[in-house]
Participant: 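I'd like to ask you about the structure that follows.
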Amino acid sequence: MKLVRYGAAGAERPGLIDGDGRLRDLSGVVADIDGSDAAIARVAAADLAALPVVEGEQRLGPCVARPGKFLCIGLNYADHAAETGQALPKEPVLFSKATSALSGPNDPILRPRGSTKMDWEVELGIVIGRDCRYVSEAEGLAAISGYFICHDLSEREFQNERGGTWDKGKGCDTFGPIGPWLVTPDEIGDTDALAMWLEVNGKRYQDGSTATMVFKPGFLVSYISQFMSLQPGDIVSTGTPPGVGMAQKPVPVFLQPGDEVRLGIDGLGEQRQVVEQA
């Protein structure tokens with residue numbers, strides 16, 4: 001299934017993209033798309049052909065409603081670690097993004113005040129469907145209720161030159177577009193070799209694959225659960241392939257107001273954003 005949240009920001013409704021590409025309303029089945037196994041099971045049991053079709057162009061919101069945690073993994077692609085000149089981590093590099101960074105897949109990106117080094121990262125996102133604490137890798141994989149595109153935007157000066165941890169350069173408003181769809185595991189299938197790409201103003205900078213991911217999704221859920229419990233609706237963004245702006249040669253490239261960013265992952269759709277000044 002491809003699940004969505006559509007409508008005005010803060011007033012999104014649950015929906016589903018059917019086999020013909022039509023948007024159908026799920027309000028009579030679930031209150032929202034929260035990523036929980038229970039909600040997804042209710043959708044799977046519904047008569048999808050009987051759901052009302054939503055006509056006209058609709059804004060798509062973040063594909064998961066109100067996650068309790070927004071966790072991210074750094075340096076999780078071998079070729080991305082190489083382009084940054086850093087050794088592969090022995091264990092996953094874990095950090096958090098503020099949940100207030102969440103936005104819809106096609107909403108504008110706001111360049112923060114004082115920003116000079118705003119960068120892009122296309123990533124595979126996962127949502128947790130059930131409570132997880134000290135789970136095995138197999139249990140971790142089974143606990144993933146869906147996959148989506150996450151654009152893990154970064155302000156590199158805030159992240160690397162302003163002291164402290166990465167969080168201040170990762171959690172700015174609009175720095176976490178997710179969607180367009182939350183795709184259930186039965187539809188996406190094997191996630192070990194998904195092509196993923198990102199373009200700025202029509203130029204392709206990232207053109208990679210989940211095949212170079214170091215720590216796989218099931219392992220990541222298991223690993224994180226050794227340090228903190230995970231609840232239904234928590235989301236994890238699993239790292240990016242090479243081609244980020246700060247690694248461009250001979251001069252780094254960073255996002256400016258007016259730039260258009262497009263990104264996609266096989267089977268998970270595409271995002272499109274335009275940069276605006278905050």
Participant: Looking at side-chain heavy atoms only, is the closest gap between I178 and V64 below 4.5 Å?
Facilitator: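 Yes, their side chains come closer than 4.5 Å.
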
Participant: Going by heavy atoms in the side chains, are P185 and Y147 under 4.5 Å from each other?
Facilitator: yes

Participant: Looking at R59 and E12, is there a salt bridge between them, counting it only when a charged N and a carboxylate O are closer than 4.0 Å?
Facilitator: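 Yes, charged N to carboxylate O under 4.0 Å.
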
Participant: Without swapping roles, check the side chain of Q271 against the backbone of I149 for a donor-acceptor pair under 3.5 Å.
Facilitator: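 Side chain of Q271 to backbone of I149: a pair is present.
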
Participant: Side-chain contact, heavy-atom cut-off 4.5 Å: D192 with K216?
Facilitator: yes

Participant: Working to the nearest 0.5 Å, report the span between CG of L230 and CD1 of I128.
Facilitator: 5.0 Å

Participant: Quick check: does any side chain N or O of S36 sit under 3.5 Å from a backbone N or O of A39, one acting as donor and the other as acceptor?
Facilitator: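 Yes, the answer is positive, given that a donor and an acceptor are paired below the 3.5 Å cut-off.
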
Participant: Using distance alone, with no hydrogens and no angle criterion, decide if E91 and Y223 have a side-chain donor and acceptor under 3.5 Å apart.
Facilitator: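 On atom types as modelled, these side chains qualify, holding a pair under 3.5 Å.
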
Participant: Donor-acceptor pair, distance only, cut-off 3.5 Å: does the side chain of E157 make one with the backbone of S115?
Facilitator: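 Not at all, since once roles are kept as given, no pair shorter than 3.5 Å links the two residues.
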
Participant: Would you find a donor on one side and an acceptor on the other, under 3.5 Å apart, between the side chain of D173 and the backbone of A101?
Facilitator: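 No, D173 side chain to A101 backbone: no donor-acceptor pair under 3.5 Å.
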
Participant: For A65, is there any backbone N or O sitting under 3.5 Å from a side-chain donor or acceptor partner on D32?
Facilitator: no

Participant: Between Q248 (side chain) and G243 (backbone), is there a donor-acceptor pair under 3.5 Å?
Facilitator: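 Yes; judged by distance alone, with no hydrogens or angles, the pair exists.
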
Participant: Does the side chain of S136 come under 3.5 Å of the side chain of E139 through a donor N or O and an acceptor N or O?
Facilitator: yes

Participant: Counting only N and O atoms by type, is there a donor-acceptor contact under 3.5 Å from the side chain of D119 to the main-chain atoms of R156?
Facilitator: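 Judged by distance alone, no pair lies under 3.5 Å.
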
Participant: Is there a donor in the side chain of S237 and an acceptor in the side chain of D152, or the other way round, less than 3.5 Å apart?
Facilitator: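 The answer is no; no qualifying pair exists.
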
Participant: Is there a side-chain contact between E155 and F254 in this structure, where contact means two heavy atoms from C-beta onward sitting under 4.5 Å apart?
Facilitator: no

Participant: Establish whether M196 and I188 are linked, either directly or via other cluster members, by ILVMFWY side-chain heavy-atom contacts under 4.5 Å.
Facilitator: yes

Participant: Between Q273 (side chain only) and P105 (backbone N and O only), is there a donor and an acceptor less than 3.5 Å apart?
Facilitator: yes

Participant: Using atom types as modelled and distance alone, determine if a side-chain donor or acceptor of K97 lies under 3.5 Å from a backbone N or O of G176.
Facilitator: no

Participant: Are the side chain of D20 and the backbone N or O of R22 linked by a donor-acceptor pair below 3.5 Å?
Facilitator: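 No, the answer is negative, given that no donor and acceptor are paired below the 3.5 Å cut-off.
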
